[in-house]
Engineer: 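The structure follows.
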Amino acid sequence: MILLGVNIDHAATVRQARYRGYAATVGGPVEPDPVDLATLAERAGADGITIHLREDRRHIQERDVWRLREVARTRINLEMACTPAMTDFALKVRPESVCLVPESREEISTEGGLDVAGQRDRVRAVCEAMRAAGILVSLFIDADPVQIDAAAELRAPWIELHTGAWANAWHGPRRGEEFARLVAGARQAHAAGLVVNAGHGINYVNVAEIRTLPGVHELNIGHSIISRALSTGIGEAVREMKARMNPAG
Ligand code: PXP
């Protein structure tokens, strides 16, 4: 059975679009609450909740992570940049796992994999701190043999293959080639003893292919699930508002 990690960042993006200046992250008019959605996702069968505390705090806030820590009944997978400040934060919050991702302020979402091979010492330091604390480390990397070798060398127990290039190629001629790269990457990683997860750009259509990735352990999905929740929820939301506007009618 493939596990599902639900990424709730986009709910916080909607909240921050309106309530960026507010001290409160929940309560009163401040909505939606990503932590509330995490609870609902868990009840619906999510195997874990993925949450990315970005350096610029553009969506998830520290308070969200702490509140999630209190209420989560599954697992928290904290996506984070490979920095001393984030390492300190993770060691305080103690998520079940951290996923190390590259971060640049300009990107809309995480656009490329972490360059593990190019910054081994930096990544090693975080891996060792997490290992000592009993927190699993996942490295978000492209399906690149050099990066997979580096992840194995650092004894990260998990990798998350970046599926963005494959998802972007879905409607074009390079889709087969991109999927073949993921398959080769998954095989190489398994041979090196790594657990293989995958994420980025997975949706209700392309999941039919990515679920066939050999031995894939967990898929982390955000955008498409939050988008689907908006579509499937809009009818009920409108009906409820209409009923409150016209309680007698
Ligand atoms: N996995 C990682 C490491 C990510 O950075 C992201 C994007 O935040 C996701 C999975 C989820 O991607 P998407 O929102 O496209 O499903």
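Both counts, for ligands and for their atoms, begin at 1 and track the order of listing.
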Engineer: Considering only heavy atoms of H10, which atoms of ligand 1 have at least one such atom less than 4.0 Å away?
Structural biologist: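 Numbered from 1, ligand 1 contributes 14 (O).
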
Engineer: What do we get for N220 next to ligand 1 when only non-hydrogen atoms under 4.0 Å count, side chain, backbone, both or neither?
Structural biologist: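 It is both backbone and side chain that touch ligand 1.
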
Engineer: Taking the non-hydrogen atoms of S224, is any one of them nearer than 4.0 angstrom to ligand 1?
Structural biologist: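 Flag not set, S224 not near ligand 1.
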
Engineer: Decide if atom NE2 of H223 counts as having more than 12 heavy atoms of other residues, nucleotides or ligands within a radius under 6.0 Å.
Structural biologist: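 No, NE2 of H223 has 12 or fewer neighbouring heavy atoms, counting only those of other groups under 6.0 Å.
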
Engineer: Against heavy atoms of E160, which atoms of ligand 1 measure under 4.0 Å?
Structural biologist: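 Heavy-atom distances to E160 below 4.0 Å select 1 (N), 2 (C), 3 (C), 10 (C).
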
Engineer: Please test T74 against D47 for side-chain hydrogen bond (donor to acceptor under 3.5 Å, both in side chains), starting from the C-alpha separation and ending with a verdict.
Structural biologist: CA-CA 6 Å; T74 56; D47 300 292; over 6 Å; no

Engineer: Strictly below 4.0 Å, N to O, side chains only: are R54 and D9 in salt-bridge contact?
Structural biologist: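 Between D9 and R54 there is no salt bridge, as every charged N stays at least 4.0 Å from the carboxylate O atoms.
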
Engineer: Run the numbers for me: atoms of ligand 1, each under 4.0 Å from some heavy atom of H223, listed by number.
Structural biologist: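 Atoms satisfying the 4.0 Å criterion: 13 (P), 14 (O), 16 (O).
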
Engineer: Less than 4.0 Å between a side-chain N and a carboxylate O, is that true for R175 and E209?
Structural biologist: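 Here E209 pairs with R175 in a salt bridge, since their nearest N and O are under 4.0 Å apart.
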
Engineer: Give the atoms of ligand 1, by number and element, whose distance to some non-hydrogen atom of I221 is under 4.0 Å.
Structural biologist: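 Heavy-atom distances to I221 below 4.0 Å select 16 (O).
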
Engineer: List the atom pairs, donor and acceptor, that lie under 3.5 Å between side-chain atoms in residues 186-196 and the rest of the protein, sequence neighbours left out.
Structural biologist:
{"residue": "Q188", "atom": "NE2", "partner": "P145", "partner atom": "O", "Å": "3.0"}
{"residue": "Q188", "atom": "NE2", "partner": "D149", "partner atom": "OD1", "Å": "3.2"}
{"residue": "H190", "atom": "ND1", "partner": "A186", "partner atom": "O", "Å": "3.1"}
{"residue": "H190", "atom": "NE2", "partner": "G215", "partner atom": "O", "Å": "3.4"}

Engineer: Are R69 and E96 within salt-bridge range, i.e. N to O under 4.0 Å?
Structural biologist: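 Yes.
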
Engineer: Could you tell me whether some N/O pair between G222 and ligand 1 is separated by less than 3.5 angstrom?
Structural biologist: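 Checking ligand 1 against G222, an N or O pair does fall under 3.5 Å apart.
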
Engineer: Report the residues that fulfil ring pair (Phe, Tyr, Trp, His ring centres under 6.0 Å) with Y19, sequence neighbours left out, ordered by chain and then residue number.
Structural biologist: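 Testing Y19 for ring pair (Phe, Tyr, Trp, His ring centres under 6.0 Å), a comparison that skips the adjacent residues, returns Y22.
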
Engineer: Quick one: does H52 get an N or O within less than 3.5 Å of an N or O on ligand 1?
Structural biologist: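 Not met; the criterion fails.
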
Engineer: Between R120 and E153 (salt bridge meaning N to carboxylate O under 4.0 Å), is one present in this structure?
Structural biologist: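 E153 and R120: salt-bridged.
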
Engineer: Using a 4.0 Å cutoff against the non-hydrogen atoms of V101, which atoms of ligand 1 qualify?
Structural biologist: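 Heavy-atom distances to V101 below 4.0 Å select 3 (C).
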
Engineer: Side chain or backbone of H162 under 4.0 Å from ligand 1, or both, or neither, by non-hydrogen atoms?
Structural biologist: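 The answer is neither.
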
Engineer: Kindly identify the option in E103, E79, R54, H200 whose heavy atom sits closest to atom 3 (C) of ligand 1.
Structural biologist: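 Ranked by closest heavy atom to atom 3 (C) of ligand 1, first place is E79.
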
